[in-house]
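As structure tokens, the structure follows; a few thoughts come after it.
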Amino acid sequence: MKRPRVRFAPSPTGFLHVGGARTALFNWLYAKKFDGDFLLRIEDTDRARSTDESTRAIFEGLEWLGLTWDEEVVYQGANVARHYADAHRLLDSGAAYRDFTPPAETERLRNEAEARGESYRFDRDSAMLSDAETAEKLARNEPYAIRFKVPDGYTEWPDLVHERIAFPNKDIEDFIILRSDGTPVYNMAVVSDDIAMRITLVMRGDDHISNTPKQILLYRALGADVPQFGHVPMIHGADGKKLSKRHGATAVGDYQHLGFLPQAMLNFLALLGWSPGDDLEVMQLPELIERFNVHGLHAKAAIFDTKKLEWMNGQHLALIPIAELAHVVAPLFEKAGLATVADLESRPEWFHGVLELLRVRARLTDEIVQLATTFFGESVEYEAEAIGKQWRDAAVTGEILQATHDRLATLESWEPAAMEEALRKLAEEKGLSGGKIFQPLRVALTGKTVSPGIFEVLLYVGREHSLARVAAAVSFLKQGA
RNA sequence: GGCGGUAUCGUCUAGGGGACUAGGACACAGCCCUCUCAAGGCUGGAACACGGGUUCGAAUCCCGUUACCGCUACCA
């Protein structure tokens with residue numbers, strides 16, 4: 001088999017959309033799986049809507065996801081001369097013809113037909129002129145568009161995702177390939193570029209299904225090999241409509257900033273519209289490549305379920321090597337004003353330990369930072385709910401905390417096992433359940449009713465700060481009493 | 001309107017004529033574990049759009065209906 005060449009061809013009119021990212025991912029996976037090339041083409045021929053900022057956002061999104069491309073980026077706008085030449089090649093060969101009809105006239109006819117409830121089809125016979133008429137208009141320098149002469153018959157292809165799709169050619173009107181200002185139209189540009197890039201498989205969103213017969217006709221008229229096609233379904237929002245801004249975050253950059261891991265995003269996206277065929281869900285990139293196959297591609301539109309994405313992120317948060325997580329998350333700690341990256345790097349054992357404690361309790365990297373606040377700073381703010389729930393009787397609680405403080409202070413080693421033994425013994429002496437000691441202590445240390453295991457908290461807050469916090473809680477309770 | 005596509009729990013999906021009492025995951029509820037919270041384990045409710053065929057047998061194949069989506073530009 002020929003080395004496959006696939007491409008992702010976004011137009012730079014916005015950020016990298018999750019749907020686009022998934023199309024890119026499937027192409028990328030295909031290239032990796034079958035030892036081919038994954039190319040990137042920026043379709044910037046719509047000058048009015050294309051921006052450099054969007055182009056950059058697409059690069060950044062793809063890079064964040066790790067979907068790297070194999071050759072230099074192709075800018076469609078740089079190839080208009082070839083698009084023009086290809087269109088004229090079709091004109092010269094008789095596969096296309098000049099249309100001198102003013103656009104306004106065509107539009108009028110179309111509107112009239114629609115008003116009558118009829119479907120409009122461009123009328124080739126009235127547009128195709130005799131050689132003499134054409135020569136005359138040409139001599140007068142009248143502008144013309146080039147229209148493709150759709151042949152009789154039908155056009156079909158075996159789609160990778162669907163089975164076989166067929167269109168009767170009579171339903172395809174003679175479409176314009178070159179505007180009267182000499183610029184190429186989308187279908188012309190795409191085919192010209194895909195031929196030039198030697199693309200063997202065009203995998204794209206299924207909103208392009210009805211463009212495909214037109215493009216196949218163009219390939220044939222140009223004498224080029226028709227590539228394979230695969231049309232993957234769209235991604236919809238929770239209301240079943242095409243995903244758009246109304247649904248909230250739709251750009252992959254949004255998810256990056258929300259605290260998602262790229263590997264989780266990739267994993268989630270891969271499972272939207274593709275299945276490995278068994279019950280395996282959580283996969284790393286190498287496994288995704290290994291398991292990827294065309295057969296698992298689905299034809300049905302999928303709804304983007306943020307809840308499942310979050311769950312997936314939690315799974316990957318638990319799987320990622322701790323050092324890698326530290327690397328990703330350290331800048332977020334710095335941004336939150338908790339510690340500098342340098343500080344965290346200087347005590348990796350402590351930092352990794354804290355992350356180990358929190359990764360399983362968080363679904364987003366941002367949540368890890370939030371939860372980590374407990375382990376920084378000297379003072380603790382007590383939540384009203386925590387006081388109400390665990391510190392109801394100030395006098396009794398103060399006494400318990402004082403005893404807890406004293407017992408911990410006598411400890412020679414600041415190890416969870418030793419601390420647990422000491423405090424359980426204290427509870428027994430006082431005839432209390434462990435919880436009666438641990439819960440008030442938790443509030444003293446964190447100000448909250450929930451936290452990681454109390455002995456881990458003690459360990460990572462550290463001996464000095466822990467004892468200080470408990471002492472502070474005791475005096476707080478005395479004042480209140 | 002025309003053309004094309006799609007249809008399994010609320011959501012993502014397994015399913016390729018008999019292994020289907022339809023499996024897994026998210027979400028939800030309950031229980032277990034337990035110093036709280038997570039994580040984890042267990043349990044539960046929850047689906048083959050509808051109607052016709054084909055067949056000994058249909059979630060699976062065919063046809064129709066319905067619903068939804070896309071395209072229908074001198075946009076991409």
Side-chain angles (χ1 to χ4, degrees), chain A residues 9-11 13 43-46 48-50 76 99 101-103 106-107 110 113-114 116-121 143-147 159 161-162 165-168 170-173 175-181 183 185-187 189-190 205-213 231 233-234 236 238 240-242 268 271-282 295-296 298-312 314-315 318 357-363 371 386 389-390 420 423-424 427 433-439 441-443 446 448-455:
Chain A
S11 47
T13 55
E43 307 213 319
D44 55 353
T45 46
D46 185 350
R49 287 197 293 161
S50 300
Q76 190 160 64
D99 174 18
T101 320
T106 307
E107 197 185 335
R110 189 186 313 277
E114 270 168 25
R116 269 180 273 123
E118 293 168 15
S119 61
Y120 175 77
R121 204 94 302 170
Y144 61 88
I146 297 180
R147 272 186 197 270
D159 198 275
V161 180
H162 303 265
I165 303 181
F167 283 81
K170 66 175 174 52
D171 291 324
I172 307 169
E173 78 172 356
F175 54 96
I176 287 181
I177 53 178
L178 198 73
R179 297 186 189 92
S180 47
D181 66 1
T183 59
V185 138
Y186 173 74
N187 283 313
V190 167
D206 69 13
D207 49 340
H208 284 291
I209 285 180
S210 35
N211 281 322
T212 306
H231 290 91
M234 307 270 87
H236 290 174
K241 300 261 192 279
K242 191 171 168 178
F268 173 73
L271 256 22
L272 270 193
W274 174 76
S275 160
D278 56 26
D279 293 337
L280 189 62
E281 301 227 48
V282 180
H295 173 252
H298 219 243
K300 190 184 81 166
I303 289 173
F304 195 89
D305 182 3
T306 314
K307 277 280 201 305
K308 186 146 186 178
L309 207 209
E310 285 174 7
W311 168 80
M312 186 63 84
Q315 297 293 310
L357 234 45
L358 301 180
R359 69 196 313 194
V360 73
R361 272 164 255 261
R363 297 200 144 187
L371 293 172
K389 205 167 169 190
Q390 304 297 348
E420 176 158 12
L423 294 189
R424 288 214 185 266
S433 68
K436 286 282 187 290
I437 303 246
F438 307 146
Q439 290 298 81
L441 176 57
R442 170 166 287 115
V443 179
T446 70
K448 301 177 173 71
T449 54
V450 303
S451 81
I454 198 69
F455 305 107

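Reckoned from all heavy atoms, side chains included, excluding hydrogens, waters and symmetry mates.
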Inter-nucleotide [atom1] distance ([N], [M]), Å rounded:
N     : M     : atom1 : result
B:C9  : B:C48 : C1'   : 10 Å
B:C68 : B:C32 : P     : 46 Å
B:C71 : B:U11 : P     : 23 Å

Worksheet entry | Option from A:Thr183, A:Val185, A:Ile146 for which side-chain contact (heavy atoms from CB on, under 4.5 Å) with A:Leu178 holds |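 Between A:Leu178 and the candidates, side-chain contact (heavy atoms from CB on, under 4.5 Å) is satisfied uniquely by A:Ile146.
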Should [N] form a Watson-Crick or G-U wobble pair with both distances under 3.5 Å, which nucleotide is its partner?
N     : answer
B:U11 : B:A25
B:G4  : B:C69
B:G51 : B:C63

[N] [atom2] sits how many Å from [X] [atom1], rounded?
X        : N     : atom1 : atom2 : result
A:Leu280 : B:A25 : CG    : P     : 12 Å
A:Asp278 : B:G15 : CG    : P     : 9 Å
A:Arg359 : B:A38 : CZ    : P     : 19 Å
A:Leu441 : B:C37 : CG    : P     : 16 Å
A:Leu358 : B:A38 : CG    : P     : 14 Å
A:Asp206 : B:C71 : CG    : C1'   : 10 Å
A:Tyr186 : B:C74 : OH    : P     : 16 Å
A:His208 : B:U6  : NE2   : C1'   : 18 Å

Side chain of [X] (C-beta onward), nearest among [options]:
X        : options             : answer
A:Lys307 : B:C26, B:C74, B:A76 : B:C26
A:Asp305 : B:U11, B:G5, B:A14  : B:U11
A:Trp311 : B:A27, B:U72, B:A73 : B:A27
A:Ile303 : B:G4, B:C12, B:G5   : B:C12
A:Ser180 : B:C74, B:G2, B:G24  : B:C74

Practice prompt. Look at the side chain of A:Lys308 and the base of B:A27, then say whether one donor and one acceptor between them are separated by less than 3.5 Å.
Written response: no
Practice prompt. Work out which heavy atom in A:Asp171 is nearest to a heavy atom in A:Arg121; give both atom names and the distance.
Written response: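 The pair with the smallest heavy-atom distance is O-NH1, 3.1 Å.
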Worksheet item: Between A:Ser180 and A:Pro143, what is the shortest heavy-atom contact and its length?
Response: CB-CB, 4.2 Å
Worksheet item: Using a cut-off of less than 4.0 Å, is there contact between a side-chain N or O of A:Arg110 and OP1 or OP2 of B:C74?
Response: yes
Worksheet entry | Mutual orientation of the aromatic rings belonging to A:His208 and A:Tyr186 [parallel < 30°, tilted 30-60°, perpendicular > 60°] | parallel
Close N/O contacts between protein and nucleotides 32-35 of chain B (under 3.5 Å):
{"residue": "B:C35", "atom": "OP1", "partner": "A:Arg424", "partner atom": "NH2", "Å": "2.7"}
{"residue": "B:C35", "atom": "O2'", "partner": "A:Gln439", "partner atom": "OE1", "Å": "3.0"}
{"residue": "B:C35", "atom": "O2", "partner": "A:Arg442", "partner atom": "NH1", "Å": "3.2"}
{"residue": "B:C35", "atom": "O2", "partner": "A:Arg442", "partner atom": "NH2", "Å": "2.7"}
{"residue": "B:C35", "atom": "N3", "partner": "A:Ile454", "partner atom": "N", "Å": "3.2"}

